[in-house]
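Please read the structure below before turning to the comments.
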2 protein chains.
Amino acid sequence: MKVTIDLIAQKVGVSKALVSLVINGKAKKYGISQLTCDRVMAVVRELNYKPNQMARSLRTGVSNTIGLIVSDISNGFYASMARQLEDLAANSGYNVVIGSTDENINKELRLINILRNRQVDGIILSSSQENSEELENMFKAGFPLVLIDRYFPNAGIPAVVAENSQGGATLAQHLFNQGFRNPLVLNITPSYISSVGERTSGFQKVFTDNSIVPEVVQIPFSDIYNVVYEIFSKKVKEKNLPDCVFAVNNNLATAFLSVLSKFNLAVPDDVALVCFDDLPYFSIIKPSITVVTQPLDVLCSRTFSLLMEQISNQEKVEEHETIFEPVTLITRESSIKIK
Amino acid sequence: MKVTIDLIAQKVGVSKALVSLVINGKAKKYGISQLTCDRVMAVVRELNYKPNQMARSLRTGVSNTIGLIVSDISNGFYASMARQLEDLAANSGYNVVIGSTDENINKELRLINILRNRQVDGIILSSSQENSEELENMFKAGFPLVLIDRYFPNAGIPAVVAENSQGGATLAQHLFNQGFRNPLVLNITPSYISSVGERTSGFQKVFTDNSIVPEVVQIPFSDIYNVVYEIFSKKVKEKNLPDCVFAVNNNLATAFLSVLSKFNLAVPDDVALVCFDDLPYFSIIKPSITVVTQPLDVLCSRTFSLLMEQISNQEKVEEHETIFEPVTLITRESSIKIK
DNA sequence: AAAAATAACTAAATCGATTTAGAATACTGT
DNA sequence: ACAGTATTCTAAATCGATTTAGTTATTTTT
């Protein structure tokens, strides 16, 4: 037997309107007597009544649910992001529905649609779109949306990202200072994704400013290990190894390390390594891995605030600047030149 | 301007009942003419109408959403689990709402409540409860529930778990065969959690059968690194090191490796290591780490099927046996005795 | 040609809440 | 004693779908 607001109202002998008002803390506002409040709450507790969220959402148009869409929730970076956002959301009475896109543009669009039909109050999105048209329309139409990790320059959609370009440059400068002169960039395809694109271009600029043009290879998202293996297989055969490698994310770094060990090559003696985003094991292994890290907690809390702002102030849908959060270089053994 | 079923009905010039029937594929059943169907669908497409899920759920009592509750979604194991379940769910038209409990019994109960108020159609749970009373009641009351990774013996709640005991035994036997005689078990608190409990007891049995009683230390979930550090700090001081360590999960193994390197101790020369659940880096590092792995894909698909069964057959709420999936030993360098 | 059967559709109830205008009662001041 | 004001509460509309009993028009049967 279901416990609905009608049941409560019956038991107490009042209207369900009253019960609703009491439950939603509007008793004072509507001059409901303390006695009545207490009687209602007593029954509510006795029967452990919890309002049906579907009914509530239908009426109010608010679901207290937000959507989080990322390329792959099993990826450690996004998993941590999900966790932090989950906690922030929970503190504000929100739940999180999660979707993974596999970097697939259509899957992303489909997911957005599904979540909107499910009346999520807003979406936090790490987009794999190539252009931002659809997202702009959505945002301009007043749907609460915040981009995280990846943004679209000049699209006017609120976004919170790391200073990826700066991060790439920092790593490049570090390698250059160490005396490395023959860098290879392992970049992820699709390369139009802002984060990896900017990491690469920031990296490139430092070297080209020093008259060195880094080689950049594109690795498809879906088949990292094998492609990295092929690349190094060829380079080993041609005795054409770089003296250092920049992996634009930690999956690439892991694949790279795995491939190197297959070829019995050592870091940093044979090839140095730097990468984006720390992993627990990077500081444990020998050699430990030099990285640039993003302040994930800051990214998440900024993002969540921006979303909440939009959700509460339905009117103002201003253009938003992208927020760039600074990154941190952690120098470890993998990038120290052996003399 | 919202696109509702009323709008569609108006535009086409039919009742909204008809629109609903057409949309839900019941046109034939209700003898609606092909012409009318086509006219409805044309408008539906033109206005890109998608039914409001809240309204639909309110009416039907079905939300096409399932809940996933784990201790921590940022943990790689659960993140992968989430991803696999998300994909399975998506294929069946379901969304996944995620919650993390931090191994906190009350948080878990609260989350279950919240998800149920949100009318999730069922819950997949990796429980941190000490006893299963509440969960049993829920299940017996007909709420679709499947336990994953952790179960309650004789509770009658459907569960899909790895052969943890067997896994612990396998690792123990491997270590014993390698000649290790002084094992230390790093166990997670709370230890009533079936998975880690059984890993430990399975491990212990093999050694006690060989007249060796392994030392077991309890590490609180929330502060792994520091506690492991303290333990080894003491052991190093007392020159009382074990010759091998069994970490009941990969977080413990990572912390252990980190601590060991702090003390300049080497694996496996000073202390060997085996652990439960593989990580990408375990096969890359020197030495690579011996592990027992769970067939996560099988666990997930079995779990999801069991949940779907319950969701579709509302009547039969039978007692269920726990399903145990076999685990696999991957022998690597960290457990090979140096002569 | 009246009765029965079929085809194609619709009205209205329903799910479980929220919200607002206004009803009922008691209390003031003159 | 009565209009005016508080106080406390309720009726009914509403959100956007689904579902079922029933209506209307058409065709078939006898």
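Owing to the predicted nature of the structure, the values given are computational and were not obtained by experimental measurement. Protein chains get the first letters and strands the later ones, always in sequence-line order, with residue 1 at the start of each.
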Exercise. Within a radius of less than 6.0 Å around CD of B:E325, do more than 12 heavy atoms belonging to other residues, nucleotides or ligands occur?
Worked result: yes

For this session: Measure from CD on B:Q34 to P on C:dA7 and round the result to the nearest Å.
Result: 15 Å

Exercise. So, the side chain of A:Q310 versus the backbone of A:L145: is there a donor-acceptor pair under 3.5 Å, distance only?
Worked result: yes

Exercise. Do the side-chain N and O atoms of A:D121 and A:S63 include a donor-acceptor pair separated by under 3.5 angstrom?
Worked result: yes

Problem set entry | Protein-nucleotide distance (B:I8, atom CD1; D:dG16, atom C1'), rounded to Å | 12 Å

For this session: For A:E86 and B:S100, run side chain to side chain donor-acceptor pair (under 3.5 Å): C-alpha distance rounded to whole Å, both residues' side-chain angles, the deciding distance at 0.1 Å, then the answer.
Result: CA-CA 8 Å; A:E86 181 200 327; B:S100 301; 2.8 Å; yes

Could you go through nucleotides 18-23 of chain C and list every protein N or O atom that sits under 3.5 Å from one of its N or O atoms, giving the distance for each pair?
residue : atom : partner : partner atom : Å
C:dT18  : OP1  : A:N24   : OD1          : 3.4
C:dT18  : OP1  : A:N24   : ND2          : 3.1
C:dT18  : OP1  : A:R56   : NE           : 2.8
C:dT18  : OP1  : A:R56   : NH2          : 2.9
C:dT18  : OP2  : A:S20   : OG           : 2.5
C:dT18  : OP2  : A:N24   : ND2          : 3.2
C:dT18  : O2   : A:R59   : NH1          : 2.4
C:dT19  : OP2  : A:K26   : NZ           : 2.5

Problem set entry | Residues A:E133, A:N137; criterion side chain to side chain donor-acceptor pair (under 3.5 Å); working and verdict | CA-CA 6 Å; A:E133 201 184 330; A:N137 292 340; 4.7 Å; no

Problem set entry | d(CG, A:D6; P, C:dT14) in whole Å | 12 Å

Problem set entry | A:T36 side-chain N/O to D:dT8 phosphate OP1/OP2 under 4.0 Å | no

Exercise. Rounding to a whole Å, what distance do you find between A:K29:NZ and D:dC9:P?
Worked result: 17 Å

Problem set entry | Interatomic distance, A:N117 CG vs D:dA17 C1' [rounded to whole Å] | 13 Å

Seminar exercise, completed: Between CG of A:L7 and P of C:dG16 the distance, given in whole Å, is 10 Å

For this session: Determine, stepwise, if the pair B:R118 / B:T65 fulfils side chain to side chain donor-acceptor pair (under 3.5 Å).
Result: CA-CA 9 Å; B:R118 295 188 182 255; B:T65 298; over 6 Å; no

Exercise. How long is the line joining CG of A:N52 and C1' of C:dA17, in whole Å?
Worked result: 7 Å

Problem set entry | Whole-Å distance separating the CG atom of A:L58 from the C1' atom of C:dG16 | 9 Å

For this session: Give a yes/no answer on whether the side chain of B:T4 brings an N or O atom under 4.0 Å of OP1 or OP2 in D:dG16.
Result: no

